[in-house]
Amino acid sequence: MQLQTFEAYLEAYELSTKNPEQFWHSIAEGFIWQQPWNKVLNWNFKDPTIQWFCNARLNITENCIDRHLPQKANTTAFIFEENESSNNHLHISYQQLHDEVCRLANVLKQLGVTKGNRVCIYMPMIPQAVYAMLACARIGAVHSVVFGGFSAQALVDRINDSQCKVVLTSDGAFRGNKKIPMKATVDEALQHCPSVTHTLVYNRTGDNVAKQEGRDFDWETETQKQPASCAPVYIDSEDPLFILYTSGSTGKPKGVVHSSGGYMVYTCYSFLNVFQYQANQVYWCTADVGWITGHSYITYGPLLAGATSVIFEGIPTYPNAGRFWEVIDKHQVNIFYTAPTAIRALEAAGLDFVKPYSLASLKVLGSVGEPINEEAWHWYDTNIGKNRCPIVDTWWQTETGGILISPLAGLTKTKPGFATLPLPGIQPVLVNDKGEEIEGNNVEGNLCIRFPWPSMIRTTFGDHERCRHNYFATYTNLYFTGDGCKRDEEGYYRITGRVDDVMNISGHRIGTAEVESAIDEHEDVVECAVVGYPHDIKGQGIYAYCIVPHTTKTEAELRQEILNSVTQLIGAIAKPDKIQFVKGLPKTRSGKIMRRILRKIAEGELSNLGDTSTLLDPTVIEEIVTGKL
Ligand code: WTA
């Protein structure tokens, strides 16, 4: 399954495009299936219908855990590094992982959860979050992890959309020098979530939280009562494994649905090949389980490969900006996978925080979530990798389930800012706005994928039409990523960023429409428009233009209230960095806001606003430019 040379990659790539079914058939044979498939692939992008390993049956946790037990019962699956730096970190072996997952799965069964039921996971970055995902998968339930930084309202929207039956949470979370309430947020949300019958609350911070009799149960008390074995429930390869909500350019976040069989095969294959993980190495991905990276490359990919991973509860800057480097030395991390926003923040903190650490254990560095600028790439390469660790700039999305374009560590020649080449099985296409394919090298266009791969999105929960419309309708017979992309003279890919109304704030996907509707909730705001703009640390910042014609408040008061509204409706991650009050917004005669112009102004490209002749009232531009923040 693991490619050893660049030539082997080229060969695998060729086979994977000439005969994808044969290619994936032989990779899938490396897993345990309760029943094999009778057809590798059935698909069309029109509906879309995508089925991999048709009619096969499996349980992914058997592949993540049980399969490794004969050789690895005592091997560490996870090293838990707590928020507070200390010497009593926890090593969790594959056997312990098995026992914890089984106990928790038994509790879920007792709470009435059965195959196909949805379970919401709203947890800090602790091993129990991973146990929770696996416990659901053990019994065929579908998990929906909601990032712990989302507000009660955001939690309500997600729980109700997928009709979750149970919520797994904790009393609170440690985050740097703060304690964040979790259960209190869940309590607030559950006032509006009739589908939820029970919660299970893990005691992390020791805070005394309210428990509703009959509804809320204590995690440890319940799991301790259960046996450490639970037979895996076998499900169809196409039965959903999880739902993960992500932002689009319109409306509320959508629940991206991933399958079981295809997702398993692709996350394991991509993990082993991109990072070139070797037996006994220590791997650390700093993502949160609330995002797709935490699903595919903390939980599933590494466990499927039998790896040893670090789970980190803390943040990069607590107690100081040397924390990542300290953890790398402490646990002798070999493979380190993080986001450009973290790299830029730590670069800004200065080299004094890097100097005390040797970082000699590092072999491979990774980057994910947003384009990595060349400066940050070089800083990472020089100061962390000491110019001897390949950097894998991995491009992918919640919808793709796994990494699609990336160097294979040590095999593919890297180039700063480039995600380089597609993994075997991935057929990228660049198209122009008319949907015509742009062939050859040294070109730029919208990035699409021509052929299905095993871990791709299957549907958006409860609304298949939305899935079709969002990803498969823009261009005929192509999956559209929403990203712009260059292909250089060598055929290397460089992702240039979103071409739709989705922002990427510190690697977090946020739709402009979501932030706008949160701002509109403020009673004095009659209209607003939100765009992303370049931000030194976050990659993109949020710029909001608001029309407030009548108010008794000062601008400072209004700003604060708007920020509060966004925090309440979405979460602090979606707070605008800049709020400009304007009299009007640039609109076409048909009333459409011209975001292109607002984006240019926010970017500071004032001399080049493009064609403004179609505007209903060109004078608004002048006022906006004059008042720019
Ligand atoms: C962006 C995160 C450039 C891109 C795994 C994509 C990237 C969106 C990269 C998906 C990269 C992710 N280079 N851009 N290496 N990785 N992106 O769903 O715009 O949270 O469409 O998945 O992040 O974000 P998501």
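All ligand and atom numbering here is 1-based and tracks the order in the structure. These numbers come from the heavy atoms of this one structure, side chains and all, not from hydrogens, waters or symmetry mates.
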Any donor-acceptor N/O pair, Asp381 side chain to Ile384 backbone, under 3.5 Å
no
Is there a donor-acceptor contact under 3.5 Å from the side chain of Thr49 to the main chain of Phe45?
no
Do the side chains of Thr338 and Trp284 get nearer than 4.5 Å, heavy atoms only?
no
Is the shortest heavy-atom distance from the side chain of Ile438 to the side chain of Val431 under 4.5 Å?
no
For residues 507-516, tabulate all N or O donor-acceptor pairs below 3.5 Å that involve a side-chain atom, not counting sequence neighbours.
residue: Arg509; atom: NE; partner: Thr246; partner atom: OG1; Å: 3.3
residue: Arg509; atom: NE; partner: Ser247; partner atom: O; Å: 3.4
residue: Arg509; atom: NH1; partner: Glu399; partner atom: OE1; Å: 2.9
residue: Arg509; atom: NH1; partner: Glu399; partner atom: OE2; Å: 3.3
residue: Arg509; atom: NH2; partner: Ser247; partner atom: O; Å: 2.9
residue: Arg509; atom: NH2; partner: Glu399; partner atom: OE2; Å: 2.9
residue: Thr512; atom: OG1; partner: Asp501; partner atom: O; Å: 3.2
residue: Glu514; atom: OE1; partner: Ser247; partner atom: OG; Å: 2.5
residue: Glu514; atom: OE1; partner: Gly511; partner atom: N; Å: 3.1
residue: Glu516; atom: OE1; partner: Arg595; partner atom: NH2; Å: 3.3
residue: Glu516; atom: OE2; partner: Val530; partner atom: N; Å: 2.8
residue: Glu516; atom: OE2; partner: Arg595; partner atom: NH1; Å: 3.1
residue: Glu516; atom: OE2; partner: Arg595; partner atom: NH2; Å: 2.9

Could you state the interatomic distance from CZ (Phe312) to CG (Asn83), rounded to the nearest 0.5 Å?
7.0 Å
Give the residues near ligand 1 by chain and number, with the criterion being a heavy-atom distance under 4.0 Å.
Ile292, Thr293, Val368, Gly369, Glu370, Pro371, Asp393, Thr394, Trp395, Trp396, Gln397, Thr398, Asp483, Ile495, Arg498, Asn504, Arg509
